[in-house]
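Report on the following structure.
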2 protein chains.
Amino acid sequence: MLDPVSRVRRFNRAVTSAVGALDTSFLGRGRPLGAARVLNAIGHGRSDVAEIRDYLALDSGLMSRLLRSLEDEGLIETAAHEDDARRRVAKLTRAGRREFAAYEALSNAQAEGLLAQHSQREALLAAMDLIASALTRERVALDEVDPRSEQARYCLGEYYAELGRRFSQGFDVSLSRDPDAKDMRRPRGTFIVAMSDTLPIGCVGLKGTDHGYAEIKRLWVAPAARGLRLGRRLMDAAEDAARELGIGLLRLDTNSALPEAGQLYRSTGWREIPRFNDDPYPDLFFEKRL
Amino acid sequence: MLDPVSRVRRFNRAVTSAVGALDTSFLGRGRPLGAARVLNAIGHGRSDVAEIRDYLALDSGLMSRLLRSLEDEGLIETAAHEDDARRRVAKLTRAGRREFAAYEALSNAQAEGLLAQHSQREALLAAMDLIASALTRERVALDEVDPRSEQARYCLGEYYAELGRRFSQGFDVSLSRDPDAKDMRRPRGTFIVAMSDTLPIGCVGLKGTDHGYAEIKRLWVAPAARGLRLGRRLMDAAEDAARELGIGLLRLDTNSALPEAGQLYRSTGWREIPRFNDDPYPDLFFEKRL
DNA sequence: CATTTTATCTGACTAAAGTCAGACATCATG
DNA sequence: CATGATGTCTGACTTTAGTCAGATAAAATG
């Protein structure tokens, strides 16, 4: 009763019935699940018919019929794709948006019901984040985004909060050398976030300088996503971007209060060098030639 | 992207596809899911046909056909129930046990695959326990068991380990007044474990004495199950058992290093009394008249 | 012991999901 | 611009799941 596999299987059973309950509530809107799923996929912004078919793993014949039935209900409209008249795009009508909103309300109610079952909400949410990150591990997308984008700002906020917790003297962004956003945009540098589904779970910045090297900044991995080797993937992506931009030398600074970071650098070809800036927070400095 | 409901829904999506993958692998054995589910229910020890039907929420007609198809495959045998010839009981044949083992292997492989996705196995397992406990909250069964049973011994082991962590001086069972198992069996007392599915997640002992009162001992709730008001449910069950046994006065001892326990007692009609034993660990003593 | 209740089974049915082959229009390529 | 590839659609089909109304036999009840 204690072995890991039984614990996972107990989790599976618990979660299966919760998921089944959502399906049942979806059926309450008088439409087969297949049609409801297509409607929801369109509502969530998937317009390309081929993409929906792929996402829901549907046969093209079945997909076609489901679209027809939604059209007959007056919930969607389809049209030929602008660039390729073989492809079709679907969008919700006014009635479709209403119906989609009703499904959204059901999903939200289920999610809230699930949360309400536990008085330690934050613990439950953290556990869910951890599991969702583990399960979607191979579907984590590394996206280059603007360092001022919502995703980037979220990651940086979490990063600063974590430094505040980990440094004995706390962390104050204004004392640190805050990189200029334009140094982390192409062609001088870039900013990469790791997205699991719709949640940012890690980031790294590549900051261009005028001193013949670029710097790696703001490497962060969400607590729920640790253990997935995401730090390494982010670093690899940043180094790839640097190579693309013709950068031959990288530097970074870090702090010995973050031992896992130092270990990552050492194991991936970085070598320690003397201090190369006067930022008060770092006490370890690394360099890597590409 | 940060609000609790989106986090829950992200978790739902992640988990749905993992669960779907198991169904798909079950289909790989060339049998519809309905039949596979019935076979597995029988394999897991459910023999009574009515019980299986109830568990899987199947119509009696459908259930009957599924049993017939498994019988035709030579995987199960059915017979009339010993005590009631209307009822049927099903059991696996030799071939059925082989086939069941194959399904078990698939389930175990899926569970292991899921675990392998995360290098921090313990963190992942703890998160799964937490979620499974929250989701099966209303299905937690309070069972009276022998204090020497496997479930009871597991709970006590966890309980002692936790005391060791929470007491600054550690905890050594041999120094404490370890209750005799026979004092926690009917008719002198009882021992109750809270079972979530197959996992014990809490316990409490009612220990009979010869001094005109009974004692509450070993109240424990697994970390993953805290916040579900399980402690209160266990105490209620223990008090109910005491009333059944004709016990009019209850006492217990606890330690101020366990503040949540003290709070529970105070809020449920217990009043503090002077020390009534010489156990070195407790420093708080309570009494409740039933 | 007659009557009612219960557990299972059978036949007849429907709905939903999924499969497959071919038709058709459009696009990409040499 | 002929040819093959691609994306969608339609018709014909099967499988799976599920429903419902009796039929039957065995308890339970008065």
Side-chain angles (χ1 to χ4, degrees), chain A residues 16-17 19-42 46-73 76-91, chain B residues 16 19-42 46-73 75-91:
Chain A
T16 303
S17 64
V19 165
L22 183 60
D23 282 355
T24 308
S25 81
F26 268 33
L27 281 175
R29 298 206 62 78
R31 198 169 289 112
L33 271 182
R37 273 197 260 271
V38 171
L39 181 69
N40 277 282
I42 298 169
R46 287 176 213 271
S47 54
D48 210 292
V49 167
E51 183 197 349
I52 299 170
R53 222 174 50 207
D54 195 48
Y55 172 65
L56 299 174
L58 293 173
D59 172 86
S60 74
L62 183 51
M63 177 72 192
S64 181
R65 265 177 276 269
L66 292 173
L67 286 174
R68 234 39 66 222
S69 85
L70 289 171
E71 243 170 7
D72 293 349
E73 277 196 271
I76 64 166
E77 283 168 349
T78 62
H81 191 285
E82 284 190 334
D83 304 335
D84 181 345
R86 288 171 305 182
R87 315 192 117 204
R88 306 229 98 203
V89 288
K91 63 171 193 179
Chain B
T16 303
V19 163
L22 182 60
D23 282 353
T24 309
S25 81
F26 268 33
L27 281 174
R29 298 207 61 79
R31 198 169 290 109
L33 274 180
R37 273 196 261 270
V38 171
L39 181 69
N40 277 283
I42 298 169
R46 289 176 211 270
S47 54
D48 210 290
V49 167
E51 183 196 349
I52 300 170
R53 223 175 47 207
D54 194 48
Y55 173 66
L56 299 175
L58 292 175
D59 173 86
S60 74
L62 182 50
M63 177 70 192
S64 182
R65 265 178 276 270
L66 291 173
L67 285 174
R68 237 34 72 223
S69 85
L70 289 170
E71 244 170 5
D72 293 349
E73 278 196 89
L75 302 177
I76 64 167
E77 283 168 348
T78 60
H81 191 285
E82 284 190 332
D83 305 335
D84 181 346
R86 289 171 303 181
R87 315 192 118 203
R88 305 230 99 202
V89 288
K91 64 171 191 182

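From a predicted model like this one, the values you see are computed outputs, not experimental measurements. The figures that follow rest on heavy atoms only: side chains count, while hydrogens, waters and symmetry mates do not. Naming convention: chains lettered A, B, ... in sequence-line order (proteins, then strands); numbering from 1 in each chain.
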Point-to-point distance, once rounded to the nearest 0.5 Å, from [atom1] of [X] to [atom2] of [Y]:
{"X": "B/Arg53", "Y": "B/Leu58", "atom1": "CZ", "atom2": "CG", "value": "9.0 Å"}
{"X": "A/Glu73", "Y": "A/Ser69", "atom1": "CD", "atom2": "OG", "value": "6.0 Å"}
{"X": "A/Leu70", "Y": "A/Arg31", "atom1": "CG", "atom2": "CZ", "value": "7.0 Å"}
{"X": "A/Asp48", "Y": "A/Arg88", "atom1": "CG", "atom2": "CZ", "value": "11.5 Å"}
{"X": "A/Arg87", "Y": "A/Glu51", "atom1": "CZ", "atom2": "CD", "value": "9.0 Å"}

Over how many whole Å does the gap from [X] atom [atom1] to [N] atom [atom2] extend?
{"X": "B/His81", "N": "D/dA27", "atom1": "NE2", "atom2": "P", "result": "11 Å"}
{"X": "A/Arg29", "N": "C/dA16", "atom1": "CZ", "atom2": "P", "result": "16 Å"}
{"X": "A/Leu56", "N": "C/dG18", "atom1": "CG", "atom2": "C1'", "result": "14 Å"}
{"X": "B/Leu27", "N": "C/dG18", "atom1": "CG", "atom2": "C1'", "result": "12 Å"}

Query raised in the report: Are the side chain of A/Asn40 and the backbone N or O of A/Ala36 linked by a donor-acceptor pair below 3.5 Å?
Result: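 Checked: pair present.
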Requested in this report: Could you encode protein contacts along nucleotides 5-18 of chain D as a string, one character per nucleotide from 5' to 3', using B for base contact, S for sugar-phosphate-only contact and - for no contact, with a heavy-atom cut-off of under 4.0 Å?
Outcome: BBSBBBBB---SSB
